[in-house]
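Inspection log for the structure reproduced underneath, given as structure tokens.
Starting from 1, each residue takes its place in the sequence as its number. Keep in mind that this is a model prediction, so the values were computed, not measured.
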Amino acid sequence: MDDKINNHASCSSVPDEGVISVDLSRDIVVDSMTDMTEAIISPNLIVDNEEDSTKLTLAYEWLYEVPRTIVDKFSNHIKYLDISHNKITNLDPLVHFFHLSSLIADHNPITENCALPPLPKLELLWLNHCKIASLYPWVGKLKESCPNLQYLCLMGNPAAPSYFNGGTFYEYLQYRLFIISQFPLLNHLDDRKVTDDQRTEALRLYKRPFLERLVSPGSRGGISQLMQAPAKWNTVHGKLNSLWSKAKNRNLLI
């Protein structure tokens, strides 16, 4: 997996050498998978490296979904898929890519309402500059669908605060530690490596007993309701702020 970070050190969605390039004709792109049965693959499909037929790019094709013809032809052997710079909001067709380990989906209008299908082999996921505005309950669903993520990039989304979109350092730190706490195999988040100190602090702040203590004993639904209801997060955020102010002198390397 080290070569994945080297190829995408800046979370770029530029296709690698050896990636299959598919130039789909604009007039065959439709909005619904049910209407794609008659779509054909352009004769301009070029295999740049026949020895590596596990990589496919559909970037800059004005797609609203992955065409059924592409799914039928490539899903059984594709491991690397680039669907960046399209109009895709539905990722359900990816469920057929059984061997998918890397997905580049930057610059699509994907929101927190778009859940990934089960992709247990997915290790690298780029969702930069999409429309994800809330982490709850989206992150929980992502964790269930992709439990083995090692490289995750969410830069440019409203739910990923940074100096570039008006977020404070504390908001960025809270976001980062929460994401790290959800994915035990995560090695790289956004443009930075996950350190041992960050993982330790993430588990300390976001482990289940800690969150359970933030919920009043008589609250209906307990911790599950807290994690499923975004409105409840205001209470958690306030208590985290209070606790964080007491521990602000701890040495966290970000």
Give every donor-acceptor pair under 3.5 Å between a side-chain atom in residues 113-122 and any protein atom, sequence neighbours left out.
from, atom 1, to, atom 2, distance (Å)
K121, NZ, H99, ND1, 3.2

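The cluster map of Ile, Leu, Val, Met, Phe, Trp and Tyr, joined by side-chain heavy atoms under 4.5 Å apart, puts F169 and L177 in the same cluster. No path of Ile, Leu, Val, Met, Phe, Trp and Tyr side chains, each step under 4.5 Å between heavy atoms, connects V95 with W138, placing them in separate hydrophobic clusters. No single ILVMFWY cluster, assembled from side-chain heavy atoms under 4.5 Å apart, contains both L173 and F164.
E61 and N86 form no side-chain donor-acceptor contact under 3.5 Å, judged by distance and modelled atom types alone. For the residue pair D82/Y60, the side-chain donor-acceptor check at 3.5 Å is not satisfied. Of the N and O atoms on the side chains of Y170 and Q174, at least one donor lies less than 3.5 Å from an acceptor on the other residue.
Rounding to the nearest 0.5 Å gives a distance of 14.5 Å between NZ of K79 and CG of L56. A distance of 3.5 Å separates CD in E171 from OG1 in T168, rounded to the nearest 0.5 Å. H129 contributes atom NE2, which lies 11.5 Å from atom OG of S84 (distance to the nearest 0.5 angstrom). Residue L103 holds its CG atom at 12.0 Å from CD1 of I78, rounded to the nearest 0.5 Å. Rounding to the nearest 0.5 Å gives a distance of 11.0 Å between OG of S101 and CG of L149. Atom-to-atom distance recorded for E112:CD and L135:CG is 9.0 Å, nearest 0.5 angstrom.
Remark: of the listed residues L127, I83, L124, L125, L124 is the sole one forming a side chain to side chain contact (heavy atoms under 4.5 Å, CB included) with I104.
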Requested in this report: Tell me, with the steps shown, if N148 and E123 meet side chain to side chain donor-acceptor pair (under 3.5 Å).
Outcome: CA-CA 6 Å; N148 295 310; E123 297 178 352; over 6 Å; no
Report task. For side chain to side chain donor-acceptor pair (under 3.5 Å), just list the numbers for Y151 and H188, CA-CA rounded to whole Å, side-chain angles, deciding distance to a tenth of an Å, and then say yes or no. Result -> CA-CA 5 Å; Y151 306 95; H188 218 93; over 6 Å; no
**Report entry** Worked check of side-chain contact (heavy atoms from CB on, under 4.5 Å) between M155 and S162
**Finding:** CA-CA 8 Å; M155 295 192 300; S162 70; over 6 Å; no
Query raised in the report: Hey, mind stepping through R199 and V194 against side-chain contact (heavy atoms from CB on, under 4.5 Å) and telling me if it holds?
Result: CA-CA 7 Å; R199 194 177 305 281; V194 174; 3.4 Å; yes
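Taking every heavy atom of both residues into account, N108 and A105 meet most closely at ND2-O, 3.2 Å. The minimum heavy-atom distance between R176 and K193, with the atom names listed, is NH2-O, 3.1 Å. The minimum heavy-atom distance linking F183 with K143 is given by the pair CE2-CA, 3.6 Å. Heavy-atom minimum distance, H107 versus C130: N-SG, 4.1 Å. Nearest heavy-atom pair across P158 and I132 is CD-O, 3.2 Å. Contact record, G167 with P161: CA-CB, 4.1 Å, taken as the closest heavy-atom pair.
Remark: P109 pairs with T89, K131 by the side chain to side chain contact (heavy atoms under 4.5 Å, CB included) rule, at least two apart or across chains.
Between the side chain of N128 and the backbone N or O of D106 there is no donor-acceptor pair closer than 3.5 Å. D190 places a side-chain N or O within donor-acceptor distance of the main-chain N or O of L154, the cut-off being under 3.5 Å.
Contact check for N157 versus I110: no side-chain heavy atoms found under the 4.5 Å cut-off. Between L189 and Y175, the closest side-chain pair of non-hydrogen atoms falls below 4.5 Å.
Geometric assessment of K55 against the ring of Y80 yields a positive cation-pi assignment under the 6.0 Å and 45° thresholds.
Ring geometry for F98 versus H96: interplanar angle over 60°, hence perpendicular rather than tilted (30 to 60°).
Aromatic pair F178/Y136: ring centres closer than 6.0 Å.
For the pair R204 and E201, the salt-bridge criterion is met [side-chain N within less than 4.0 Å of a carboxylate O].
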